[in-house]
Amino acid sequence: MAAAVNTPLPIVVLISGRGSNLQSIIDAIAAGELPVEIRAVISNRPDAQGLQRAARASIATRVVDHRQYPERMAFDAALQAAIDDYRPQLVVLAGFMRILTPALVQHYRGRMINIHPSLLPEFPGLNTHQRVLDAGRKETGATIHFVTEETDGGPAILQARVAVLTGDDADSLAARVLEQEHRVYPVVIRWYAEGRVQLDPQGQVRFDHDVLERPLRLSSESGAPC
Ligand code: GRF
């Protein structure tokens, strides 16, 4: 069951843009619903709107601009050094749009999570919503997963489902999926902080010690995992 949490879990959030998921985490902390401390927000883009959200919440910000690193390895080394300066116990990717090298991913094994706007393993990568529409899917959603070497391919923790409606375009679908992202990302981060969710040495997700056979969902009525 949930472990008692006394000290907030130190986390670092990585972003590249708008930062609305970051905002949902900031808001959940402010509401007393999330026992974590955002030690820093790190962006690979100096103009990321999320940096202003962090600054407004008095959170430290750093930019590691990928354009200043012609080699991916050098960028990742600088990124890792920046992250580790803050000694996070969890690294949260929230719209971070760079592919990470295996060395960096390995360094944070079991300590790095990502949110992707599809029901993985379907539709990894970019332009997700348009591809869902083009494929004629009736349902899509969002997945929170541990990060592994395979882009958008790590073991899934939780999925939120969203119906595709007649007349949807990529923007309307993205907006409804994003609403769900904002609801579920803070919940999964809280579970991690409470020690309820972890990646085991075999690469399986455990929730309350049990191996997850399939990603969790949140019941829409009670908000309980199911
Ligand atoms: C979200 O849809 C997230 O799933 C994807 O990138 C988007 C980021 O949005 N990885 P924001 O920057 O959090 O507003």
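Counting starts at 1 for both ligands and their atoms, following the listed order.
Leu199 and Pro155 get closest at one heavy-atom pair: CD1-CG, 3.7 Å. Across every non-hydrogen atom of Ile26 and Ala57, the tightest pair is CG2-CB, 3.8 Å.
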Put together the list of close N/O pairs, under 3.5 Å, between ligand 1 and the protein, could you?
residue, atom, partner, partner atom, Å
ligand 1, 2 (O), Glu181, OE1, 3.3
ligand 1, 2 (O), Glu181, OE2, 2.9
ligand 1, 4 (O), Ile115, O, 3.4
ligand 1, 4 (O), Glu181, OE1, 2.7
ligand 1, 4 (O), Glu181, OE2, 3.3
ligand 1, 9 (O), Arg18, NH2, 3.1
ligand 1, 10 (N), Ile115, O, 3.1
ligand 1, 12 (O), Gly19, N, 2.8
ligand 1, 13 (O), Ser20, N, 3.3
ligand 1, 13 (O), Asn21, N, 2.8
ligand 1, 13 (O), Asn21, ND2, 3.0
ligand 1, 14 (O), Arg18, NE, 2.6
ligand 1, 14 (O), Arg18, NH2, 3.2
ligand 1, 14 (O), Ser20, N, 2.8
ligand 1, 14 (O), Ser20, OG, 2.5

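In this structure Glu122 satisfies the salt bridge (charged side-chain N to carboxylate O under 4.0 Å, His left out) test together with Arg137, sequence neighbours excluded.
Applying the 4.5 Å side-chain rule to ILVMFWY residues, one finds Leu126 in the same cluster as Met97.
The backbone N or O of Ile99 lies less than 3.5 Å from a partner atom in the side chain of Arg72, making a donor-acceptor pair.
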Using distance only, find each side-chain donor-acceptor pair of residues 29-39 under 3.5 Å and give its atom names and separation, not counting sequence neighbours.
residue, atom, partner, partner atom, Å
Glu37, OE1, Arg39, NE, 3.4
Arg39, NH1, Tyr86, O, 2.8

